[in-house]
Amino acid sequence: MNKAQIKALQKKTVNEDQLAFDHLSKSEQKACFGFCDQYKQFLDRAKTEREAVREIIELAEKQGFTDIDKHLASASKRKSVPRKVYKTFKDKCVALAVLGKDNLESGTRIIASHIDSPRLDLKQNPLYEDLDLGLLKTHYYGGIRKYQWLAIPLALHGTILNSKGERIEITIGEDPDDPVFTVSDLLPHLAGKLQNNKKLSEVFDAEKLNLIAGSLPLGEPSTKDRFMLNILSILNSKYNIVEEDLISAEIEAVPAGSARDIGFDRSMIGAYGQDDRVCAYTSLMALLDTTTRPEKTGICFFFDKEEIGSEGNTGAKSVFIEDFISDLLVLNKEAADNRTLRKVLIASQCLSADVNAAMDPDYKEVHEKLNAAKLGHGICMTKFTGVGGKSGSSDASAEFVGIVREIFNQKKVIWQTGELGKTDQGGGGTVAKFMAQLGMDVLDCGPALLSMHAPFEISSKPDVYMTYKGYKAFFS
Ligand code: MN
Ligand code: MN
């Protein structure tokens, strides 16, 4: 073979890694940065699962989506079927659908993401005082590296039910004028003897993740627990709550402040909760931007509790999936019996929309570079997750990977594949296996992040845009 032939052969046969930015036209670059500005606003407004549900509904209603529950009673009598609907579940998860031309029984296209993120939850009896400080005990939620949560400003977001069953929503620490909370850390001068010779897993104690919440007393020095009392007095006058109300509450300490651009070129986004709100937002926008009626019904699920194993009645293991699709069957005037529901699920195709870990220039050794995702290289297909020999993973079929790959290639979506670290290095899971249990084809698909699960996670703007473009292609 001559030089030209070898070059031609190379072009034809070798799979080259693509940088997403190289494939963005000038107008797409502009669209990409504009899209990411909107995404940052979403991140700021949706720091908890409940806030994400509210934000998703607000954005969906603006695009003409309505609550499916309003239509179900009259579904059989209606002449026209509402095409764009949503359903919330216990205020912590939500689903959206755009009904397609085909019957549901022929299968749907589903994108499933999660809207919970690692954080510090207040314990049910959080309040105590020590050394003239008012403090709040926390119990961490999801996989955190504990040291990352020390000595940074934290905001409290939450829902409190008082004794009358009234719901009180609080957000303290996001407005620049708000106070914030923080977990103190040991000064380097005194850390040596206590920490230097310990294993990392033993240095940071979960019971030391206590929030500093006040330092002024109420009453005379003889008043019992007067630092606690001062905090309770403020809570009572501001929110009309008493200590017992904190038991029927979910208050989450999350990093305070807004999403930011990273880098001289502003090409990346640094923010809390991008796992997995980057997939929530991009899949939401992909469905909201479906203007022409698709062949197959498009569905977005936004789940809670992924970070603790998709448990509970708001996680992907709950009956929410079946419940919503049954409602869609009623709405679309199809049989809504168990057998039909099962057929819909089995005929459906699903992208489990979740993030992967981008290879970190400082920690390349935990990745296997042929199969590691890279920041800026587009949406990442993750055929399997799991730990130690794919255990606990839904390993996508070659057939379904082939289908998704073709969709992306046709629509000029820049994509890559990735594994979460070297084999036997560690691992993780997503909602994929719970979707797959229902019989549908499932593939994990989302952007790769640096500093995943940290209070400040990093995404690439071209990746965010390619993820949106990829999900849109999947729906169309
Ligand atoms: Mn995730
Ligand atoms: Mn996660």
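Order of listing sets the numbers, starting from 1, for every ligand and every atom in it.
The heavy-atom pair separating V355 from C279 by the smallest distance is N-SG, 4.2 Å.
Around the Mn ion (ligand 2), protein N, O or S atoms at less than 2.8 Å comprise D275 OD2, E307 OE1, E307 OE2, H453 NE2.
For the salt bridge (charged side-chain N to carboxylate O under 4.0 Å, His left out) test, residues two or more places apart in sequence or in another chain that qualify with K296 are D102. Applying the ring-ring contact (aromatic ring centres under 6.0 Å, His included) criterion to F89, with sequence neighbours excluded, gives F320. For K343, the salt bridge (charged side-chain N to carboxylate O under 4.0 Å, His left out) test picks out no residue, with sequence neighbours left out.
With K47 as the partner, the salt bridge (charged side-chain N to carboxylate O under 4.0 Å, His left out) test is satisfied by one option alone out of E252, E55, E174: E174.
Stacking of R119 on the aromatic ring of Y141 is recorded, both the 6.0 Å distance cut-off and the 45° axial limit being met.
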